[in-house]
Structures are given as C-alpha cells and as structure tokens.
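These notes concern the structure reproduced below.
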Amino acid sequence: MAPTLLQKLFNKRGSSGSSAAASAQGRAPKEGPAFSWSCSEFDLNEIRLIVYQDCDRRGRQVLFDSKAVQKIEEMTAQKTEDVPIKISAKCCQGSSSVSSSSSSSISSHISSGGSSHHAKEQLPKYQYTRPASDVNMLGEMMFGSVAMSYKGSTLKIHYIRSPPQLMISKVFSARMGSFCGSTNNLQDSFEYINQDPNLGKLNANQNSLGPCRTGSNLAHSTPVDMPSRGQNEDRDSGIARSASLSSLLITPFPSPSSSTSSSSSYQRRWLRSQTTSLENGIIPRRSTDETFSLAEETCSSNPAMVRRKKIAISIIFSLCEKEEAQRNFQDFFFSHFPLFESHMNRLKSAIEKAMISCRKIAESSLRVQFYVSRLMEALGEFRGTIWNLYSVPRIAEPVWLTMMSGTLEKNQLCQRFLKEFTLLIEQINKNQFFAALLTAVLTYHLAWVPTVMPVDHPPIKAFSEKRTSQSVNMLAKTHPYNPLWAQLGDLYGAIGSPVRLTRTVVVGKQKDLVQRILYVLTYFLRCSELQENQLTWSGNHGEGDQVLNGSKIITALEKGEVEESEYVVVTVRNEPALVPPILPPTAAERHNPWPAGFPESPEGTDSRDLGLKPDKEANRRPEQGSEACSTGCQGPASDASWKPQNAFCGDEKNKEAPQDGSSRLPSCEVLGAGMKMDQQAVCELLKVEMPTRLPDRSVAWPCPDRHLREKPSLEKVTFQIGSFASPESDFESRMKKMEERVKACGPSLEAREAADVAQDLQVSRSPFKPGFQENVCCPQNQPSEGDEGESDKGFAEDRGSRNDTAADAARQLSHGADLGAASHGAAGTGGRRLEAARGLYVKAAEGPVLEPVAPRCVQRGPGLVAGANIPCGDDNKKANFRTEGDIPRNESSDSALGDSDDEACASAMLDLGHGGDRTGGSLEVELPLPRSQSISTQNVRNFGRSLLAGYCPTYMPDLVLHGTGSDEKLKQCLVADLVHTVHHPVLDEPIAEAVCIIADTDKWSVQVATSQRKVTDNMKLGQDVLVSSQVSSLLQSILQLYKLHLPADFCIMHLEDRLQEMYLKSKMLSEYLRGHTRVHVKELGVVLGIESNDLPLLTAVASTHSPYVAQILL
Amino acid sequence: MNAIVALCHFCELHGPRTLFCTEVLHAPLPQGAGNEDSPGQGEQAEEEEGGIQMSSRMRAHSPAEGASVESSSPGPKKSDMCEGCRSLAAGHPGYISHDKETSIKYVSHQHPSHPQLFSIVRQACVRSLSCEVCPGREGPIFFGDEQHGFVFSHTFFIKDSLARGFQRWYSIITIMMDRIYLINSWPFLLGKVRGIIDELQGKALKVFEAEQFGCPQRAQRMNTAFTPFLHQRNGNAARSLTSLTSDDNLWACLHTSFAWLLKACGSRLTEKLLEGAPTEDTLVQMEKLADLEEESESWDNSEAEEEEKAPVLPEGTEGRELTQGPAESSSLSGCGSWQPRKLPVFKSLRHMRQVLGAPSFRMLAWHVLMGNQVIWKSGDVDLVQSAFEVLRTMLPVGCVRIIPYSSQYEEAYRCNFLGLSPHVQIPPHVLSSEFAVIVEVHAAARSTLHPVGCEDDQSLSKYEFVVTSGSPVAADRVGPTILNKIEAALTNQNLSVDVVDQCLVCLKEEWMNKVKVLFKFTKVDSRPKEDTQKLLSILGASEEDNVKLLKFWMTGLSKTYKSHLMSTVRSPTASESRN
C-alpha cells in the first residue's frame, strides 16, 4: 500500500510516478505540474556577480566581476596556500557544501561545489582577467548617471533586453574604519593585475572552508545578544522553555495591536497596508542604515568617509532566450523576490568579510587570490541556493491548500490525509515523536490559529468547509495590501507576538516516512490561498475609442468573411491599456474643442494676477462643460444613445433607468440640491449607469451579429486572436459584440447605438457630428431630459461664443465653487463635492448671463448648486433668476465658510499666484471608472506552493517545510541561517526570532533551534520539544475515532474542533495572565486543565490574539 | 494599490518634470467594518476604534482639508513651466474617480498636493529621467530606497517632429513604499504600462507622420543648419503631450488608465483566508434570532408556536437573551449592569456558591448540568432572574429553557429553569422526583447565614436558601467531570471572574465537542452499543453521570449542525471506502 499511496501523495494525479524518484536527484522535474518551476533552461553559471565602487576622488572601479574570473586547473602556487587558510579558518567555520546537492547539474568550472572537496585534493585556482566589456555600462546602471546623496542602501532592478538579463543591484554607502585603508588596496591589486596579467595567475588555494558564515562575524551587523534568561527563569511557569519571549519588546509592530478579539491575520494585513501607505506622506518604517562595511567591528567608523564612497553589488541573471523559460524565471524571480533579496544580503556580507580579511594579506597577488576565491565561494553558494530554491521538489498537493481550493475530491482528500495522519500517530509516535513534532509545529507555525478562531457569523456552507474571512476580503479591496507577503508571513508562522519566523525540517533516511510526515504537516502549516484576478474593463466607450485609435486591436480580413457570412469572429488580442475616459466631453467639445478655446491662452499664462482666474475657469470649463453636459447635454446625449439600444434589447432597461436614478437620489439630495438637482442626478446617473449597464445588456443580446448585419457594414474585419489569456467565452463574445458595434458605427453614423460606443469618436470624426447632434436634440422619454437636450444644445453653442469673455464673474464663481466644495468636503464625501462642483460649473458657465448676480452667488455653495443645476439653454435664463431668488434663503447653509462675499472675492484674487498648480483642495472633475469584470484563476506561483517542499537532497535555508536525508549540512549552516534570517528578514518587517524545527526520524527527536539561544550541547541542534498533552490527547482521540470508523470528514471536523478548543484555552490562559504576573502551574492544571507542557503552545497561540501575554511572561 | 502613478517628461528646457500624477485615497477605515450586516459588530467596533485615530491623523493631511498646504504647495513656478511641462491647464481642478465598491478614490493632478508626496514624486521623476540608466533608454527599471519610496519606472520616447532628435523623452512611474509588492507586480505593471506607452506612441507617431508629410522637418533643419538650434527650439520646444498625440482627452484618458491600472494591480492577487467555524453557542443564538424574526413577522397569524412561547416568556428576558450575543462571556457583567445596584441579585456563579454554600450549590449545579428541572420559589422576581442568568452560564445556550417567573407550575419539558412565586403548589411527583431540584427562598431568620465579605451581598443576607431534591445526590458520587472542574474554578479565588468565564466557555466547548461525536455516532450513524461504549471511553466520558450529561447536552446542539450531519452521512463514501 505504501508505495502506491505515496505516489499518489507526492505526484499530482495523472502525472507520471517518476517525480518522487526524480526529486531525489536534486533536479526538479515537472513534479506537481503547475507548481514547480522547470529550470532546465536555467544556467546556474549565468548568474554573475559584479562589485563596483564609486568614489568621489577615484571615480568608479570594478571591484569584482565573476565573468572576469577563470578557474585554472593546474596548481602553480603552492606557497600561497597557507595564508588564506589561516584567515579563512578564523572567520569561517564549517565548510559549505553549497551545492553539493545540485552539483551534478551545476556543471562547471566555477562551481563552488569544489569547496566540498578536500583542500589538498583539488585546488581550484582562479585567474582574474579583465572585466568584461559591458562592465562600464553595467556600472552606469548600478550607480546611475548622477550620484545620489542618499546614504542608505538603494535597490535597483534592471531588465536588459539583449541578451536578456535581469540585474538586481544594491548600492551601499561604504563605512570604513578611520585607519583602514578602504578598498584601495584591493583596487590597487586589481590594477596591478590588469597591468600585468601574468601576475594574476597566481593562484590561491581554495580550501574547503567555505563562506558559511557561522554568524557572529558579520562586520556591521553583530547580532545583538538577547538577554539570556539563563538560570533566572521562572521555573514555576514552565514558560522559559519556549524561550524566545525575551525579545518581544523589540518588535516595533507586534502583529496584532491591542484588540483581543479581532483576528490577528486581519490586524497584520491592515497594519501592513497602513505602514506602507502613501496617502499621508511617508511613514518611515524602519531604520535603513544599511551600509557596506569595510571596517572590522573594532574600527570606529569615520562618518566623514561614509559619504564619499559607495559600493554596489549586482547580480545578473542571464535569461533564456526562449520566451517561456524566460517568463518562468521572471515569474519566479518577481514573486519570490524577498528570498532573492535575502540571499543577496548574505552575499553582501560575505563580500564585506572578504574585503576586510584580504586587507590583512600584504602581498597583493595573494590578496587577490584570497579575495577572488572568497567571492567565488560566496557566489557559488548564492548560485546553489537560488538553484535549489528554484528547482526543489515541491509537495504537489499540500493538504490544507488543496482542501481549501479544490472541493471536487474533498472526501477523498480527507480520507487520504486521515489515513496518513493516523498511520503516523499509530506507528511513529515512539517516544512521543509525532506528538512532539506536531506540538512544535502548532506552537510556531501559528497561522492555523486564525483558521479556528470562532466567528460570529453563521456558516454558509458545510461545517467542514470553513468560511472565508469576509473582513479580510473587504480589507483587501478597500486597503489593498500584498497578499503574497501576507501569505509568506502566514507560512512562516510570523503572526504571533513577538514575531517569530519558523521553518521545519524533517530529517531521515527513510524517504517514504519523511514524505509522509511532510504531507501530513501540510495540513497544519496553513496559509491563505491566492487567487489571481484579471480585471478587465468593458466600457463600450472604451472599445469604441480604441478601435478608432486603432492602436491595440489587431484587425485582419478573414477569407470566409468576404462572402458576407454571418459569422464574424472577433477576438481581442488584449485589452487596450489606455482606458478611455467615460467622458462627457462630446457636445461641448464638438462645438469648442477646449485646447483651442482657452487653455494656455496668453491672457491666462501671462497676466498672472488677473488672468489666472479666468484662465482657470476657462480651462475648467471644457472639462466641466462636459460635466455640465452630464447635467444638461451629456445626460440626454447618452440617453439618446441609450434608447436605441433599448430597442435592441427590449424595453426593460429603459424602464429601469429612471428607477435606477431615483433610487440614488437621496444621496444627492443630501446636498440640499432640491428638485432640479434631482433632475440632474437622474441625468448623471443615467450617464454613469450607462457604461456599467452596457455589458450586461450586450451579453443579454441573443445575437449581436444580427444587429450588425442590419447595418450597412462596409468592411468585414476579423479581429485576430492573440495571446489574451482568457478563454472565457462570455468575455470574448462580449468584446466581440462591442467591437462589432464599433465597427458598425464607424461607417454608418446614423446608428444610434454608436453614440454610446464612441463618445470620443465625435470629437475626431466630423461626419459623426450631425448624427450625434440629432441625438442630443431628439426628444426623450423623460420630459425633463427633453428640455435638457434642447437647452444643452443651446448651452453648448453659447459656450462657443462666450468662451473668451467668460469673465470675472465666472472666475469668482469658480472660486465660490472651491469654497463650497470645501464645506462639502468637510461634511461629506468627494462624490458629493463633485456633484456640487458640477452644479456650480454649470452656473459658472452661465456666469456672463447673470453677470451682476454671480459674485454674490458665490457664497451659496449648496444652495447654489441646486439652482445651478437648472438646465441652461432657452429655459434656463428664467431658471437662473429663480435661482437668484433662492440665494438669500440658502445663505446660512454655508455660513461655516465664514467668508463674506467680498472676502471670497478678495481671496480669489490673492490666490492667483498658485492657482495653476494648486489643485488638491479643488473639485476634481469626476470621471467614472469603467466597470470592471474580474476573471479569477487560482494562482499557483505563490509561496504556499513553492515553500512547502518535499524530500530534498540536502538541507535548504528558505523552505518553510522540507525533508532531507541527513542533517550534515543542517548542522553546518543552521546557526548562520537563523542569524541571517533575523538580520535580513524576508518579511520586510523586524522579527524577533528565527526558529527551525528539526524532526529527526532516525533519532526520533524533535528539536527547536532558535536564533536567540546558543545551544550549549554540541550534539544538539536545539532544544528538545515538550510534548503538549493537549496535542497528545488530540492525536489519540483522532486515532481512536478513526479506528471506530467514523468517517474521515467527520474526524477532520473533530480535529478542527479540538484545535478550536486549544484556541479557547489560550483565550483562557491569556485572561488568566492578565491578572497574574506569575503562573501557577498547579492552578492551571487542576482548574483550567492546562498542564505545564501545554504552556509553550498555548502561550504562543495566545500571543496571536493577546500580545501582552508574552510580555507578562517575560 | 497603495501607489502613485505618474507620467514624467524630460523637458528640453526645464529638465525632468512631473506631468500628471494619479494618487489613491482610501477610506480611513476598513469598509468591512460597517458593512457587514451579520453580527460580529463587536469585533468590528474594536477595529474601528483603532482606526479612528488613524483616520483623524489622515484627515489632517487629506487634500480636502489641507487648503493651506496647497496654497503653499511646492511646485515649479509658473515661469518655469512651458507647454511641454504641463498637463492639466492651469486651474484645472484635476480628475477624480470613485470606486464605489471599495470607497477608494483615484485623484489626478499634475502634482500631488501633499508636500511630502510632492517631493517623493519629484525625486522619483528626476531619478527616472536623469539619474537611473536604462539600457536602450526605453524600458523598465526598478529603483528606490526606504526613504524615498520605491519606483517602477518605464521610460519611453514620443515622436515629435519639432523636437531635437524628433522625439521627446517620457516615463511612467509607479511609486510605492512596499517594495515587495511593487516588485511582485513587476510583470503585471510592465505589461500594462507598456500597453499604455504603446498607445501613446502610436498616437504620436500618427501625428508625427502627418506633420512630416506636411512639413518635413529634417529637410528644413538641414537648410537652416546655421541657425543656432536653441533659437529654433524656443519656438517649438513647448509642445504638450496633448498636441503631440493630438488627443484632447489625453489627460482624462490617462487618469482613467492610471486609475484603472492602480485598481487592477491592487486587486490582481487576492487571498482566500479561512476562519474558524462558529461555536455551537453562536449557532444556537443565531437560530434563535432567526426564529424570533420569523415569529415577529408572523405575529398576526401566530399559532401553536406562538402560544407556547409568548405567554411564558416575558419580553424582557427573551430580548436580553438574544441581544447578549454569545452569552457566556457577557452575561455576568451584563447582569451587573442591567440591574439596579442595590437589588439582591446573584452576580456570578462564585457569588451564588458563596451564598448557597458549597454543598447546596453543588447539588444545584449538578441538577443544572444534568438538565433536571431547577425550580426557584421566591417572591423576589429579580433575584430569581439573576439566579437563572448566572446558572445558565453552565449550560450550552441550546440547553437553556427558562420560564423566569410563573404563577403556576410548568412541566419539565417546557423549561429546565422555572421561577415560581412562593405560593404556587408544586406537584408532589415533582417534589419527590430525582429529576428536579427546588430552591426555596425564605426570609432569613438570622441576619447572616453565610457571612460574606462583599458589601453588596448584604442584600442577599436577608434571605435563606433551601435547596432540596427528591433524591439527594450521594456525597461520594464523583459527578460529572465538568462539575468538578467548575467547582474547582469557583473555589480558586485566584481566578478572576473573567477567567472563570473563559473557563466555562472552554469546558462547554470541550464537552460540546464530545456531544457532537456522540451525536454523530449514535443518532446519525446508529452504531451498536458496544461501539458507543468504546467511544465514550475515548471521549473520557464513560462514567454514568458524564453520559447523562452528554445526552442532555445533545439536545442543545444547533439545528444547523444536526442537519448538516444528517445530510452528509448518507454519502456512501464514509466508512466503507476507507478500508
């Protein structure tokens, strides 16, 4: 049973059974098809490292270019061996068998795989030649053509088209000791070499001591020793075992703030969106004092020196010419960037160290050899890590994620999981091994907690199917944060307080067993599932616009079309990127395209003081004119265009329209707009609604083509199918229809439906105008609109003639509009403000007519709006006077403004200087966003799929979960990895502690290694884990229930219930701790049913909802 | 997306300039807060509290209010601007779009009005066009630092027949503080921005070609080679992008496009994040609420159901019950606040235990937990009510049926908590039943029967409580596990009332989870008795009292849960396929 089952587990169904086997070889074949990155085209040696320095006095120099390094096989310089060994032995312990795993596939002369050989056996020797020719250009890119004064580190990514390369650079300010000679030594050496290449052949011995930084020697970033609790632990509490609590106060942003009930996931995401917000200016998030250290820690840095030198490190990935492979890597690179960056930081540390160390070598050739081989080692390690990360075998179906996403075979999935789960409980719980492992996982990978926190909402679906968090969903919409980042945090369990970042490694010779364990753990290692949404806009206007602009949609004649077949296939290659505004500028612009009218008219720009306002006004007008059209002309216009549509789709929409409008009215009335305002609102709504409605309608059309055929379609055009990803026929057909309509209206302008398709069209196409004009004038269903249609026409004409004389009155009006808006802004939303503004603009445009009155009107913000909305045109003069009458009554409404008329005018005058750029507080022209359609697909290129790995040939640093055959490399690297993780957290937020859970199935031990605690016992990697009795009893009861043949899905429900119990217990514990500074284990045990061995677990759980818990226990 | 998108231009006269810039304004509070009509408002309210500070901080900076900021807002002096450096005409108010669903606003101006943002955009613009080097000059770059934000920039040329080299240099930049987000979005942004650029270039090319056709500049320039270039340029250098593309709506169009870009990029990836199932208590509460709503709807044609409930359940009790939400945690404190202070009431289980004395309390609690009828006889309605409010916290919500005060005896099937006035006759079979417990409240003969420290208890000291049952529980009987734990918790004065509350929640949920299994096992799957026995021992509930308790508590399971189990059992996959 085992093999077949395992195959099932580790291979996605349908895929060949070879992947498990293949994975052992360190190459990832297409294991879980969609979830792995194929790296066959990825050449490791094409990862290039360049180090550059930029110095005020000396200009730019290449300090290293891996392309200029060649390995030489023959051994020539024995004598040089000793020196580097000594030095390196001092600073690097342990050899790095960097990529021994993948060394088979990392062919190569430069492979640092060499480092795993014995020193004497084979001595890689390097020759440093001249840097490649492109290095100057690259240097230019790294530093930029103009020096930046910024002292922190700068991150850059360049894409080089040919040959395709991706370059990631970091530029640091160099920090050097006062006495230390900087890199000049090195530079001298290089120059020396470059002058005399022969000398460069001196070879250094690359000994076996790789740059596996065991941590403490990083020059600039000595880990701050965490206060050790040592013997002072509160024995009574039993808490000390969980270690790591000591640092909690360091964390500036403990994930959840203070609320005890709200979910920590939510808090974390909300905080993220807030801390990276741009709205309020920039909130400095963390100290960015990241410098490149050229001094040993003992050297005091000389601040004066810092400014003058910059060091840049670049990694260049050569990309495959094949598009697919290239895209794969790019996808991987960009989605996993935090990991790349983290490794780049490691590389940087290694370079720093190499530079510092090599300075101690007096002889320059030796120095260079030492330096080069150090850097090559570090680069080798980097390459190996990236390769591993890219190619590691992934668990094809992580249980939790699969359960969450695919509901199809849920039952089977449950059964499969439960079978494995119970098998492990039964068979490998020797020595409580499995219970210990699960305890550790639940303690550190805390993302399961939010998934069991009881909610107050009733479940929508079945019980085994939990509900997706609506609040988080909403948050993502209103305050978008980066879900990839959130997922990464979940996976690493970094949601407690203090923030701890955790990985789990299962070690064991029995691959089957290890794989089983990994599989089961993927149920408990939880994270959110990501969806990819392709948003498309589908405003008809847009399509029309685009087609006319002819930019994006490729059209071609298709043979079959010639004979007028009714079958027109239209496919959109891609949605046009330029989204045409759903602008109402048509009527106004037809008569008076605004650039011509005023914009930078001399009077506007030149006469700064007086001219400005009119200028402003005038400028605004065209836009506003169009808005005005929304009140007057555009409203009906769109309506006109709408109606014919209705004819096509039946009359339902027609009937709906007014309802729609009126339903929204209340909000408009808030403005106190009054009756006329309503009218405007209706129009406005019609306009706004229209684009949103269109898609529906067109979808509803049974056969759009019929309509098309009715038109004297002049050209038969086929739209070519391109790479557009969506196969969704719905979407396509909709697009098709739109295109066709567009096409249809191009030639046949009288087509009414054209109007809505191509608002902008009229601007450019004169023949269209008459038709459209007709639309404007044509009587509408709604009486008011008829009026407006007429009036608008008049209005538009008015504008044409009056444009330049628009005048002071209008200017002041516009100012009034500002003020009015301000008052509105305070009270309500921008939307309302806009309404007001729009209204005012109508008024403003009419300014000349009312000239004497206008200045006084200014003050009446809201009241005026109401009046202003009265349609202009023939009737509107009367209307205006009526408005006038209203003014006094409304006067009080904006008394908050405090300004008298005169003041307003005065300030309007005074304000002139800034008028041009002063925009923030003014009333922006509202442009509706096109309605969006979202096509969602499951996103598989995410951390949830990539960091849960299978059985790997060797230990790897980044993976959240993986298994490996031996702990050899683990022992070598773990400490350094943990330290590195703390110093360069991939989460882009400070973390208090890095943790690694190591489960060894050979020794049946589960240990937790942390960055905070030096392990005294050399034999051990970390602390043994206390088995929580909660977990034990949970395991036992699941096993027993399973044995009693309770169905799998029920067992899983029970499992979730039990996990929820743990959560509730943690609530109780946190409540208990609120009033206690000491924990009395007895009390907990007898009364609360919490035993001391549960404490680490429950405390950790409690820290996700009650951050103070950890503080109390400190 | 929390980003700014901007179009920048390298003006031949004035250097790098920001032309047009779209910002995103989010609602200060998560929208979900108010919008969810489901309960959970408590939680949301707390979030809101956190958010309020945030919002006030925001408001201080928001463009709407910062009029003074704007007037002093930085920005190039007008004289430094030429046609080519400007997008929206002077005085143009800018554009705004509302995304109603998300309450996000997209606002476009030539420059951000916030001074800090202004300089950030400005710096990004300068870097994009004159510092950072992009191979081939056209293409994407990413650069940035923590202080100035991170920028995805795409530089490109726009054809201009009058410009030097017949082209002008532009860039579209996206600025974020979240560099990881920005880098994650690179492929997406690149595609979209590239698309926008293509279209701009396409438009410009047409104009260019038309102009070249009309008046070939190259030839002209050849001829006027002697003229100092600068002179010639002065006349023409300042061409706006609008005229270069001959698109009058260009800025509106860019606004929409940028807004769209921001929206699409912000929603490109979404998470599906699961949350835990509601507790049984929550479910039952919901169901009761739903029932009540239904009831009130059909108030007029109420029939059997109505009759049953309406007379016996006074409005007050029922209402309180329902509004209290998850009752356990809040009921005690609720009691305190809802009752006028000096009334003689029970404030907590611990309090009751002190008043009644441990043995009496144990007997009472025992009966409560087992679902036996608990009858309180007293003239003091409030006292009885408070007693029930306190006692009910020991039971799952679904197990509680209270008739707070009645003038006649009500059968046990109708209520497990019954309050009676002192004169009501209790039928003899009830008096002698082992399934009922009666608490008689008399005026105390002595002033303090059970001396208790708390002052508030004075009021209770005037009473004497006699707890009797048909068959008193043997003193040595172990009793249900949960009772012992509750007693332990109540005894331990170190534990605050809140801890005890949480403890009760835990205990109840723990036992409800056992109930669920038992229900599934016996009612749904109808398994044989031996199996059930096994199951009970697995659950740690094989003792008689525990079994009884489980059976009683089973009646408290929510309908939702039961029907769910019932409906899924039938699926054949369950047990057979496993072996």
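In what follows, chains carry the letters A, B, and so on, assigned in the order in which the sequence lines appear, proteins first and then strands, with residues in each chain numbered from 1. None of these values were measured; they are calculated from a predicted model.
- In this structure S185(B) satisfies the side chain to side chain donor-acceptor pair (under 3.5 Å) test with no other residue, sequence neighbours excluded.
- Taking all atoms of both residues into account, the shortest heavy-atom contact from T256(B) to P928(A) is CG2-O, 4.3 Å.
- When every heavy atom of L535(A) is checked against every heavy atom of A264(B), the shortest pair comes out as CD2-CA, 3.6 Å.
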Assess the residue pair K477(A) and E101(B) against the criterion (side-chain contact (heavy atoms from CB on, under 4.5 Å)); give the C-alpha distance rounded to whole Å, side-chain angles, the decisive distance to 0.1 Å, and a yes or no. CA-CA 8 Å; K477(A) 281 184 183 163; E101(B) 186 198 6; 3.1 Å; yes
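- Between atom CD of residue E1061(A) and atom CD of residue E510(B) there is a gap of 5.0 Å, rounded to the nearest 0.5 Å.
- Under the 3.5 Å distance criterion, with hydrogens and angles disregarded, no donor-acceptor pair is assigned to the side chains of N533(A) and S267(B).
- When every heavy atom of M1068(A) is checked against every heavy atom of Q502(B), the shortest pair comes out as CA-CB, 3.7 Å.
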Could you walk me through whether T154(A) and H148(B) satisfy the side-chain contact (heavy atoms from CB on, under 4.5 Å) test, starting with their C-alpha distance in whole Å, then the side-chain angles of each, then the deciding distance to 0.1 Å, before giving a yes or no? CA-CA 10 Å; T154(A) 303; H148(B) 303 104; over 6 Å; no
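- At a 4.5 Å heavy-atom cutoff, the contact between F1050(A) and chain B is made by side-chain atoms alone.
- The CZ atom of R179(B) sits 11.5 Å away from atom CG of N482(A), with the distance rounded to the nearest 0.5 Å.
- Shortest non-hydrogen contact noted between S153(A) and D145(B) is O-CB, 3.4 Å.
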Pair L117(B), L278(A) - check side-chain contact (heavy atoms from CB on, under 4.5 Å), show working. CA-CA 8 Å; L117(B) 293 184; L278(A) 267 172; 3.7 Å; yes
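- Counting heavy-atom pairs under 4.5 Å between each of V24(B), D531(B), L190(B), V517(B) and chain A puts V517(B) at the top.
- Proximity of a side-chain donor or acceptor of Q330(A) to a complementary backbone N or O of P187(B) within less than 3.5 Å is not detected.
- The two residues M177(B) and T276(A) have their closest heavy-atom pair at CB-O, 3.5 Å.
- E271(B) and Y481(A) are linked by a side-chain donor-acceptor pair at a separation below 3.5 angstrom, with hydrogens and angles left out of the test.
- Taking 4.0 Å as the cut-off between side-chain N and carboxylate O, R1074(A) and D498(B) do not count as a salt-bridged pair.
- For the set G144(B), A488(B), G136(B), C134(B), the entry with the most heavy-atom pairs within less than 4.5 Å of chain A is G144(B).
- With a 4.5 Å cut-off on side-chain heavy atoms, Q531(A) and K272(B) do not count as touching.
- Counting only distance, with no hydrogens or angles, the side chain of N2(B) and the backbone of S273(A) share a donor-acceptor pair below 3.5 Å.
- Distance check: L929(A) CG to K263(B) NZ gives 6.5 Å after rounding to the nearest 0.5 Å.
- Of the two parts of E529(A), the backbone and the side chain both hold a non-hydrogen atom closer than 4.5 Å to a non-hydrogen atom of chain B.
- Between the side chain of S145(A) and the backbone N or O of S130(B), at least one donor-acceptor pair lies under 3.5 Å.
- Each of T279(B), L261(B), V107(B), N492(B) has some count of heavy-atom pairs under 4.5 Å with chain A, and the biggest count is that of N492(B).
- A distance-only check finds no donor-acceptor pair linking the side chain of K534(B) to the backbone of L1044(A) [under 3.5 Å].
- Using a 4.5 Å cut-off on side-chain heavy atoms (C-beta onward), F337(A) and W186(B) make no contact.
- Taking CG of L274(B) as the start and OG of S528(A) as the end, the distance is 9.0 Å to the nearest 0.5 Å.
- Contact count versus chain A (heavy atoms, under 4.5 Å) is highest, among L539(B), L269(B), I141(B), for L269(B).
- Ionic pairing of D178(B) and R272(A) is present here: one or more N-O contacts between side-chain nitrogen and carboxylate oxygen are shorter than 4.0 angstrom.
- Looking at H158(A), its side chain does come within 3.5 Å of a backbone N or O of V133(B) through a donor-acceptor pair.
- Of the inter-residue distances, the one linking E132(B) atom CD with K156(A) atom NZ reads 3.5 Å to the nearest 0.5 angstrom.
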Criterion side-chain contact (heavy atoms from CB on, under 4.5 Å) on K520(B) and L1041(A), from CA distance to verdict: CA-CA 11 Å; K520(B) 166 76 176 164; L1041(A) 292 184; over 6 Å; no
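- Counting only heavy atoms from C-beta outward, the side chains of H1045(A) and R527(B) approach each other to under 4.5 Å.
- Across all their heavy atoms, M1(B) and P480(A) have their closest contact at N-CG, 3.3 Å.
- In this structure, chain B has heavy atoms under 4.5 Å from both the backbone and the side chain of M141(A).
- To the nearest 0.5 Å, atoms CD (E509(B)) and NZ (K1065(A)) are separated by 11.0 Å.
- Chosen from D99(B), I175(B), I104(B), I4(B), the residue pairing most often with chain A at heavy-atom distances under 4.5 Å is I104(B).
- Contact tally against chain B (heavy-atom pairs below 4.5 Å) for L1064(A), D1057(A), L530(A): the top residue is D1057(A).
- R161(A) touches chain B through its side chain: at least one heavy atom from C-beta onward sits under 4.5 Å away, while N, CA, C and O do not.
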